[in-house]
Amino acid sequence: MFNEKYAYALHAFEEFWERKPRKRFVLNIPVTGDSAYRPHKSLHEKWLDEDYILNKAIYDCENTYYSAESIPFLFHNLGPGSLAACIGGSYELAEHTVWFDQIPLISNWDNIPEFSFDENSEMWQHIIRMKRKFLTEGRVNTSMSDLGGIMDVVASLRGTENLLYDLYDYPEEVKEFTKIVTGLWLEAFDREIDIIRQSGQPYNAWMNIPSSKPWHPIQSDFCALISPSAFEEFILPHLIVQSEHMERCIYHLDGPGELPHLDMILDIPGITGIQWEAGAGQPSLFDEQWYPVYKKIQDKKKNLVILSSRPEDNEYIEKLVKTLDPTGVYISMEMHSKHAADNLLENIEKWTS
C-alpha cells in the first residue's frame with residue numbers, strides 16, 4: 001500500500017486538512033461492487049473473527065479499482081458506540097450492526113453503578129487484538145474503532161427515553177455522569193492512538209480520511225431530539241473538551257434534526273470540519289437544497305466532508321463542483337465500473353479547470 005500512489009494520496013489529504021488551495025476537491029472514488037469473498041458463517045465471525053475480517057478486507061481491496069485519491073482501507077468496525085461495552089455496558093451482535101443499548105444499566109440516579117475503563121472487557125480486548133493484527137498488514141490503512149458520541153453512550157447506558165426526561169428531572173446528575181463518560185472516552189481514544197502511533201501508520205477513522213495527526217469523528221445523534229438550549233447545556237461542553245483533546249476532528253452532522261445546532265458547532269474552535277449526512281428519504285447530498293448548509297460551513301472556514309453511497313447522486317455533481325470552493329472539501333462517491341469512475345474524474349477536473 002505504501003507506494004507512490006499512497007504518498008500522493010496522503011499529500012492530497014494533508015492539503016485537505018490544512019485547507020491548502022486546490023484546483024479540485026480531494027476525491028475518493030473506489031469501484032467495488034458486491035464482494036465475492038465467501039459469506040460469513042456466523043455473526044461472531046463477521047464482527048469478531050480477526051482472521052476472517054482481515055482476509056475479506058484484503059480480498060476486497062485487491063479487487064477494487066482506486067480512482068483519484070482512493071486508497072485501500074479497512075474500517076475497524078465493531079458498531080457505533082463501542083465505548084459503552086468497554087466501561088461496563090453490554091453488546092449484542094446483529095446482522096447489520098452491533099447494539100449497545102439493549103440492556104440499560106442505570107435504573108435511577110440515586111444509586112448508579114460505578115463505571116470505569118475496563119481493559120479486560122470483551123469488547124476492548126476485541127478492539128486491541130484486531131487493531132494490532134490489522135496494523136501489521138501493510139496492504140490496507142487501518143482505522144480507529146467507532147467509540148461513538150458521548151451522549152449517545154450515556155443514552156445506551158440509561159435508555160434514550162429515560163435520558164430525555166432526565167434532562168428536566170435530573171439535569172445535574174446527567175451533567176456529572178456525562179463528565180465521567182467524557183473522561184473514559186478520552187482514555188480509550190488515547191489508548192488507540194498510542195497503538196497506531198507505534199505502528200507508524202497514518203491516523204484514520206470510519207470516514208476514511210488519513211491524517212498525519214491524531215483525529216476522530218465526534219458526534220451526538222441524541223442531539224436531534226433536543227432543543228438548541230438543551231444542546232448548549234448538555235452537549236456543547238463535552239464537544240469542546242473532545243475537540244481540544246485531539247489535533248484534528250470532524251463533526252458528524254447526522255440529519256435535519258441536528259441543523260438547529262449547526263451554528264454552535266461551527267463556533268467550536270477545535271472542530272476542523274463538518275461531515276453532513278442528510279439521512280434516509282432526504283434529497284441527494286449534492287442537491288441544491290443543501291447548498292446553504294455547505295455555504296455556512298465554508299463561510300466559517302471549516303472543512304466539508306460529503307460521503308455519498310448512491311451512484312445516482314452523480315447527476316447533481318456538476319453544479320455542486322461549480323458552486324463550492326474546493327478548499328478543504330473531501331467528497332467520497334461509490335461507482336460500479338472503472339469507466340464510470342474515470343469518466344467522472346475527467347469531468348470533475350474539466351469543470352474545475
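Ile87 and Ile180 fall within the same hydrophobic cluster, defined by Ile, Leu, Val, Met, Phe, Trp and Tyr side-chain heavy atoms under 4.5 Å apart, directly or through other members. Hydrophobic clustering (ILVMFWY, side-chain heavy atoms < 4.5 Å, transitive): Leu163 and Tyr165 are in distinct clusters. Hydrophobic clustering (side-chain heavy atoms under 4.5 Å, transitive across Ile, Leu, Val, Met, Phe, Trp, Tyr) keeps Tyr66 apart from Phe25. Taking hydrophobic clusters as Ile, Leu, Val, Met, Phe, Trp and Tyr residues chained together by side-chain heavy-atom distances below 4.5 Å, Trp99 does not share a cluster with Leu105. Linking Ile, Leu, Val, Met, Phe, Trp and Tyr whenever their side-chain heavy atoms come within less than 4.5 Å puts Trp351 and Leu324 in one cluster.
Using a 4.5 Å cut-off on side-chain heavy atoms (C-beta onward), Leu307 and Val305 make contact. For the pair Trp109/Asp169, no side-chain contact is recorded, criterion being any heavy-atom separation below 4.5 Å from C-beta on. Between Phe222 and Leu164, some side-chain heavy-atom pair lies under the 4.5 Å cut-off. A heavy-atom distance below 4.5 Å is found between the side chains of Met130 and Leu78. Contact annotation: the side chain of His238 approaches that of Ile235 to within less than 4.5 Å [non-hydrogen atoms, C-beta and beyond]. For the pair Leu320/Ile331, a side-chain contact is recorded, criterion being any heavy-atom separation below 4.5 Å from C-beta on. Thr97 places a side-chain heavy atom less than 4.5 Å from the side chain of Pro80. No side-chain heavy atom of Gln275 sits less than 4.5 Å from a side-chain heavy atom of Leu253.
When all heavy atoms of Pro30 and Met333 are compared, the pair lying nearest together is CD-O, 3.3 Å. When all heavy atoms of Ser199 and Leu135 are compared, the closest pair comes out as OG-CD2, 3.7 Å. Shown here for Ser143 and Trp206, the closest heavy-atom pair between the two residues is CB-N, 4.3 Å. Across all their heavy atoms, Gln219 and Tyr251 have their closest contact at CA-CE1, 3.7 Å. Counting all heavy atoms, side chain and backbone alike, Tyr6 lies closest to Pro210 at OH-CB, 4.2 Å.
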* Asked: How far apart are the C-alpha atoms of Tyr316 and Glu288, what are their side-chain angles, what is the distance that settles it, and do they pass the side-chain hydrogen bond (donor to acceptor under 3.5 Å, both in side chains) test?
  -> CA-CA 8 Å; Tyr316 303 95; Glu288 292 181 55; over 6 Å; no

* Let me see the working for Asn208 and Asn204 under side-chain hydrogen bond (donor to acceptor under 3.5 Å, both in side chains), right down to the final yes or no. => CA-CA 6 Å; Asn208 191 11; Asn204 212 332; 3.2 Å; yes

* Take Asp194 and Arg197, measure what salt bridge (charged side-chain N to carboxylate O under 4.0 Å, His left out) needs, and give me the verdict at the end. => CA-CA 5 Å; Asp194 284 343; Arg197 182 181 291 115; 2.7 Å; yes

* To do: Assess whether side-chain hydrogen bond (donor to acceptor under 3.5 Å, both in side chains) is satisfied between Thr327 and Arg19, documenting all intermediate values.
  => CA-CA 6 Å; Thr327 302; Arg19 297 185 53 78; 5.8 Å; no

* To do: Report the C-alpha separation of Tyr330 and Phe13 in whole Å, then their side-chain angles, then the decisive distance to 0.1 Å, and conclude whether the ring pair (Phe, Tyr, Trp, His ring centres under 6.0 Å) test is met.
  => CA-CA 8 Å; Tyr330 167 60; Phe13 279 108; 5.4 Å; yes

* Residues Val31, His336; criterion side-chain contact (heavy atoms from CB on, under 4.5 Å); working and verdict -> CA-CA 5 Å; Val31 180; His336 293 318; 5.6 Å; no

* To do: For Leu266 and Ile274, run side-chain contact (heavy atoms from CB on, under 4.5 Å): C-alpha distance rounded to whole Å, both residues' side-chain angles, the deciding distance at 0.1 Å, then the answer.
  => CA-CA 8 Å; Leu266 289 172; Ile274 305 292; 3.8 Å; yes

* Passes side-chain hydrogen bond (donor to acceptor under 3.5 Å, both in side chains), Asp146 versus His76? Steps please. -> CA-CA 8 Å; Asp146 187 351; His76 185 188; over 6 Å; no

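Two rings, from Trp185 and His216, have their centers less than 6.0 Å apart. Within the 6.0 Å centre-distance limit, the rings of Phe177 and Phe115 are counted as a close aromatic pair.
Note on Glu349 versus Lys23: no salt bridge recorded, every NZ/NE/NH1/NH2 to OD/OE distance being 4.0 Å or above. Comment: Asp299 does not engage Lys296 in a salt bridge, judged by the lack of any side-chain N to carboxylate O separation of less than 4.0 angstrom. Between Glu346 and Lys350 there is no salt bridge, since no side-chain N of the basic residue sits under 4.0 Å from a carboxylate O of the acidic one.
With sequence neighbours excluded, no residue forms a salt bridge (Lys or Arg N to Asp or Glu O under 4.0 Å) with Asp118. Residues passing the side chain to side chain contact (heavy atoms under 4.5 Å, CB included) test with Pro260 are Pro228, sequence neighbours excluded. Residues forming a side chain to side chain donor-acceptor pair (under 3.5 Å) with Ser90 (at least two apart in sequence, or on another chain): none. Remark: Glu15 engages His11, Arg22 in a side chain to side chain donor-acceptor pair (under 3.5 Å) (not counting sequence neighbours).
Judged by distance alone, the side chains of Glu14 and Ser212 do bring a donor and an acceptor atom under 3.5 Å apart. A donor-acceptor contact closer than 3.5 angstrom links the side chains of Asn141 and Gln201. Of the N and O atoms on the side chains of Tyr65 and Asp342, at least one donor lies less than 3.5 Å from an acceptor on the other residue.
Under the 3.5 Å distance criterion, the side-chain polar atoms of Asp287 are left unmatched by any main-chain donor or acceptor of Pro283. The main-chain N or O of Ser156 is never found under 3.5 Å from a side-chain atom of Thr160 such that the two would form a donor-acceptor pair. Distance alone, capped at 3.5 Å, is enough to place a donor-acceptor pair between the Gln298 side chain and the Asp325 backbone. A distance-only check finds no donor-acceptor pair linking the side chain of Arg248 to the backbone of Trp215 [under 3.5 Å]. In terms of modelled atom types and a separation under 3.5 Å, the side chain of Thr182 and the main chain of Thr178 share a donor-acceptor contact.
Residue pairs meeting the salt bridge (Lys or Arg N to Asp or Glu O under 4.0 Å) criterion with at least one partner in residues 62-81, sequence neighbours excluded, are Arg24-Glu69, Glu62-Arg139.
Remark: of the listed residues Glu192, Lys131, His126, Glu192 is the sole one forming a side chain to side chain donor-acceptor pair (under 3.5 Å) with Ser145. Exactly one of Val26, Thr272, Ile209 qualifies for a side-chain contact (heavy atoms from CB on, under 4.5 Å) with Asn303. That residue is Thr272.
The distance from the CZ atom of Phe231 to the CG atom of Leu225 is 13.0 Å, given to the nearest 0.5 Å.
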Table please: side-chain donor-acceptor pairs of residues 44-54 below 3.5 Å, with sequence neighbours left out.
residue : atom : partner : partner atom : Å
Glu45   : OE1  : Arg38   : NH1          : 3.1
Glu45   : OE1  : Lys41   : N            : 2.6
Glu45   : OE2  : Arg38   : NH2          : 2.8
Lys46   : NZ   : Glu95   : O            : 2.3
Trp47   : NE1  : Ala94   : O            : 2.8
Asp49   : OD1  : Asp51   : N            : 3.1
Asp49   : OD1  : Tyr52   : N            : 3.1
Glu50   : OE1  : Arg129  : NE           : 3.4
Glu50   : OE2  : Arg129  : NE           : 3.1
Asp51   : OD1  : Lys133  : NZ           : 3.0
Tyr52   : OH   : Arg38   : O            : 2.9
Tyr52   : OH   : His40   : N            : 3.0

